[in-house]
**Student:** 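One structure coming up, written as structure tokens, with questions to follow.
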Amino acid sequence: MLKPCPSSPRRLAAGTAQSSKITALVGWESRSAAGPESMGPPVCSRWLMKSEPESRLKNGVDVKFGIEDLKALPDQTGCWDGVRSYQARNFIRQMKAGQLAFFYHSNCKEPGIAGIMEVVKEAYGDPTQFDRKDVNYDASSRADEPKWSAVDVRFRRMTRRFLPLSELKRHHLQHRRDGGPLKDVALFTRARLSVQPLTSEEFDFILSLEDKEPQ
DNA sequence: GCCAACGTTGGC
DNA sequence: GCCAACGTTGGC
């Protein structure tokens, strides 16, 4: 689904239309951006981003991009482009440099969290929307008001073990019954969302699993 | 390959 | 603005 462009570091230097002006926030997005003292969903300063580690053709182009592919880029840094959902885009636009995100492998043999990356460049116009040859080209997007945004992310590290979706789901179900940090985690409450917010409680709990034996 | 979830589109 | 049809995501 997502196809961070392998050639990205070059792209950055060139076009970096800051599109953050357009961040008209509504609904969940604004609530999560509210101050720590306010009501509603807690502040989300962590993220989970999905990408497909196995080859799949979309319009004849392979969309494979796993964590190893990010690691292999110059500076282990890539542009997270190709996001074409408004909800996901709005989250992209909320990201701040320095924030951490899980790299999630989706649509594959074993879905789950493979590693951690860091946002190194905040939202700018996704170059692929203007590229006729790109799978995610969007003819309706105008250069003076880009519809879609991308961020740059840098590989930080692999998780000490792969954290399978099935295991996360067990915790989610248990926390839903008995209470716990993964009770409302977006991965299970918001199907198909490719860029998701995590509270630091959610993030830390998930991360704590890497040092525990898979049950 | 199946299909549930869910976002988008378009007729009215 | 409603909502049925349709397309996509993504786990299984």
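Naming: A, B, ... by sequence-line order, numbering from 1 per chain.
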**Student:** For A:K109 and C:dC12, what is the distance between atoms NZ and C1' respectively, to the nearest whole Å?
**Tutor:** 13 Å

**Student:** Give a yes or no on whether a salt bridge exists between A:R161 and A:E210, defined as a side-chain N under 4.0 angstrom from a carboxylate O.
**Tutor:** no

**Student:** Give the intermediate values and the outcome of side-chain hydrogen bond (donor to acceptor under 3.5 Å, both in side chains) for residues A:R176 and A:T189.
**Tutor:** CA-CA 11 Å; A:R176 224 173 47 176; A:T189 59; over 6 Å; no

**Student:** How would you summarise protein contacts on nucleotides 3-8 of chain C per nucleotide, using B for base, S for sugar-phosphate only and - for none, with heavy-atom distances below 4.0 Å?
**Tutor:** ----BB

**Student:** Side chains of A:R93 and A:S149: donor-acceptor distance under 3.5 Å anywhere?
**Tutor:** yes

**Student:** Answer yes when A:K64 and A:D69 have at least one side-chain N-carboxylate O distance shorter than 4.0 Å, and no when they do not.
**Tutor:** yes

**Student:** Before we go on, tell me: are the rings of A:W47 and A:F103 under 6.0 Å apart, centre to centre?
**Tutor:**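 No, they do not, as the ring centres are separated by 6.0 Å or more.
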
**Student:** With a 4.5 Å cut-off on side-chain heavy atoms, are A:K147 and A:D138 touching?
**Tutor:**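 In short, these two side chains touch, coming nearer than 4.5 Å.
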
**Student:** Is the shortest side-chain N/O distance from A:K169 to OP1 or OP2 of C:dC12 below 4.0 Å?
**Tutor:**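 Yes, within the criterion.
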
**Student:** I need the CD1-P distance between A:I113 and C:dG11, as an integer number of Å.
**Tutor:**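 Value for this atom pair: 12 Å.
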
**Student:** In whole angstroms, how far is the P atom of B:dG1 from the CG atom of A:N107?
**Tutor:**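 Those two atoms, CG and P, are 14 Å apart.
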
**Student:** Separation of A:L168 atom CG from C:dC12 atom P, in whole Å?
**Tutor:**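 Distance, rounded to whole Å: 11 Å.
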
**Student:** Figure out the CZ/P separation between A:R56 and C:dG11, and round it to whole Å.
**Tutor:** 12 Å

**Student:** Taking OH from A:Y104 and P from C:dT9, how many angstroms apart are they, rounded to a whole number?
**Tutor:** 15 Å

